[in-house]
Every structure is written in C-alpha cells, then in structure tokens.
Amino acid sequence: MIYEGDYKGEGLKIGIVVSRFNDLLTKELLDGALDCFKRHGVENIDIFKVPGAFEIPFIAKELAKKENYDAILALGAVVKGETYHFELVANEVAKGVAHINLTYETPVIFGVITVDDEIQGLDRAGIKSNKGFEYALATLEMANLKKKLK
Ligand SMILES: O=c1[nH]c(NC[C@H](O)[C@H](O)[C@H](O)CO)c([N+](=O)[O-])c(=O)[nH]1
C-alpha cells in the first residue's frame, strides 16, 4: 500500500511564519506560496511575520503546540554576508524547525532559502523559479498525508 498526500487545499487550515529580514526575497516567497495555496483551494491561512529567520522556530513551535493547523510553512531568506552570522542563523533555523517536527504533531515545512547573494536569492524567489510555490506544494502534501495516517 502506498500512502502519499495530494494537493487538495479545501478545508485545510495553514499557518505561515515568514521573516522580514531580506524581505525583497521573503515577500516574493510569500506571494508564491499564497498563489499556490489559492490555486489549490486553501481558504484558511494565518500569516505570522517575525523579524528574522532566527525567530521562525519560536513562533512555529507556538503554533504547532496549538494543534489547530493542518500544517505550518516557515519562509525565510538567509543570505551569506561577510560575517559568520549566516551559518549560525541558517543552522539554528534548520535545527529548530526539524526539532518541532519531531516534538509536536503538526508538519512544519522548511521554506528558508540559504543563498550566497541576493541574485541567487532572486533566482529562487521568482526569476527562475519561486521556491515559495514549491514549498507550499510540500505543505499541502504533508497536511494531506498526515490526515491519511489518522
Ligand atoms: O532572516 C535572516 N536573518 C538574519 N539575521 C537576523 C536573525 O535572523 C535574527 O533576526 C537576529 O539575530 C535577532 O535575533 C540574516 N543574517 O544576519 O545573515 C539573514 O540572512 N536572514
């Protein structure tokens, strides 16, 4: 028997946590995700805005604890700078989101792009593709797969 989630969005309640740091990129990721959710029939979306990617896990955890979202999408953009800060932020956000997935009952999709520079970021935020749309598809798939496991 093969179990996989479909992309039906009707009746799903989705939470999006999006960081404002590098919002030239993150607002495009958010637009791409909202476009995807709308095209797949999702009508119940809550959006939570945080200062930077480092703050994403805290809010994602608070939402997962409530257990009233079918899935949560974390969107952010970490761009390599001159300092080591890039690696610290990127690693901690990934670890934080992974920890929430294994601690609570709500799937949290890791939609944080980590890029060397803004151009690479723009390529992924609309020029060559919109990763926000792709991460939203993963969110729909996981929300529906989880329903099948009940
Ligand atoms: O979302 C980001 N936050 C970044 N830093 C801020 C961080 O997420 C926190 O908001 C800040 O450290 C306050 O806690 C970034 N860098 O510094 O490289 C970055 O590229 N992206």
Side-chain angles (χ1 to χ4, degrees), residues 5 7-9 12-147:
Y7 295 139
K8 291 193 187 73
L12 293 181
K13 182 173 169 66
I14 301 292
I16 301 176
V17 185
V18 58
S19 47
R20 276 194 307 273
F21 200 108
N22 292 319
D23 71 352
L24 179 68
L25 304 176
T26 61
K27 69 179 188 307
E28 296 303 325
L29 295 175
L30 178 61
D31 284 353
L34 291 174
D35 179 36
C36 178
F37 287 138
K38 183 173 172 226
R39 290 168 184 239
H40 290 86
V42 180
E43 292 175 338
N44 195 346
I45 301 174
D46 291 332
I47 300 172
F48 300 84
K49 297 193 176 187
V50 296
F54 189 81
E55 282 75 39
I56 289 174
F58 176 79
I59 296 297
K61 181 256 296 172
E62 291 298 302
L63 300 182
K65 272 192 329 191
K66 292 173 184 287
E67 291 194 16
N68 62 4
Y69 290 98
D70 293 296
I72 296 163
L73 173 57
L75 292 175
V78 183
V79 179
K80 194 183 278 279
E82 294 74 42
T83 68
Y84 181 57
H85 204 56
F86 162 85
E87 283 84 353
L88 292 178
V89 170
N91 291 339
E92 290 310 309
V93 178
K95 272 195 293 187
V97 169
H99 179 74
I100 298 165
N101 275 288
L102 300 179
T103 307
Y104 300 98
E105 304 300 312
T106 305
V108 184
I109 301 305
F110 182 68
V112 178
I113 58 173
T114 50
V115 292
D116 290 336
D117 54 47
E118 280 75 7
I119 299 302
Q120 257 192 25
L122 286 169
D123 281 348
R124 289 155 179 76
I127 293 180
K128 290 183 179 166
S129 68
N130 191 308
K131 288 295 183 185
F133 192 101
E134 294 172 30
Y135 294 140
L137 284 177
T139 307
L140 293 170
E141 184 167 354
M142 286 303 289
N144 287 311
L145 176 57
K146 181 168 184 293
K147 281 180 178 292

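Whatever order the structure lists them in is the order used to number ligands and atoms, beginning at 1. Note that this is a predicted model, so its numbers are computed, not measured. Keep in mind that the numbers below use all heavy atoms, side chains included, and drop hydrogens, waters and symmetry copies.
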With rounding to the nearest 0.5 angstrom, report the NE2 to OH distance, H99 to Y104. 6.5 Å
Drop me the distance from N44's CG to I14's CD1, to the nearest 0.5 angstrom. 9.0 Å
Measure the distance from atom 3 (N) of ligand 1 to every protein heavy atom, then report the residue, atom name and distance (to 0.1 Å) of the closest one. F21 CG, 3.4 Å
Separation of Y69 OH from T139 OG1 (nearest 0.5 Å): 14.0 Å
Of all protein heavy atoms, the one nearest atom 14 (O) of ligand 1 is E55 OE2, 2.5 Å
Minimum-distance pair of heavy atoms, taken over all atoms of I100 and K61: CD1-N, 3.5 Å
Do me a favour and list the nearest non-hydrogen protein atom to atom 18 (O) of ligand 1 with residue, atom name and distance? V79 O, 3.7 Å
What I'd like to find out is whether the side chain of V78 reaches to under 4.5 Å of the side chain of F21, using heavy atoms alone. no
Could you tell me whether V89 and ligand 1 have an N or O pair separated by under 3.5 Å? no
What atoms in ligand 1 come closer than 4.0 Å to a heavy atom of N22? 19 (C), 20 (O), 21 (N)
Provide, to 0.1 Å, the distance between atom 7 (C) of ligand 1 and the closest protein heavy atom, together with that atom's residue and name. F54 CB, 3.7 Å
Give the residue, atom name and distance (to 0.1 Å) of the protein heavy atom nearest atom 21 (N) of ligand 1. A77 O, 2.9 Å
Does G76 have a heavy atom less than 4.0 Å from any atom of ligand 1? no
Protein contact to atom 12 (O) of ligand 1 [nearest heavy atom, distance to 0.1 Å]: H85 NE2, 3.5 Å
Would you check if the side chain of D123 reaches a backbone N or O of K128 as a donor-acceptor pair within less than 3.5 Å? no
Nearest heavy-atom contact between G9 and L140 is CA-CD2, 4.0 Å
Within the 4.0 Å heavy-atom shell around G52, which atoms of ligand 1 are there? 1 (O), 8 (O), 10 (O)
heavy-atom search around atom 1 (O) of ligand 1 in the protein gives A53 N, 2.8 Å
Would you say that more than 12 heavy atoms from the other residues, nucleotides or ligands in this model lie under 6.0 Å from the CD of E92, or not? yes
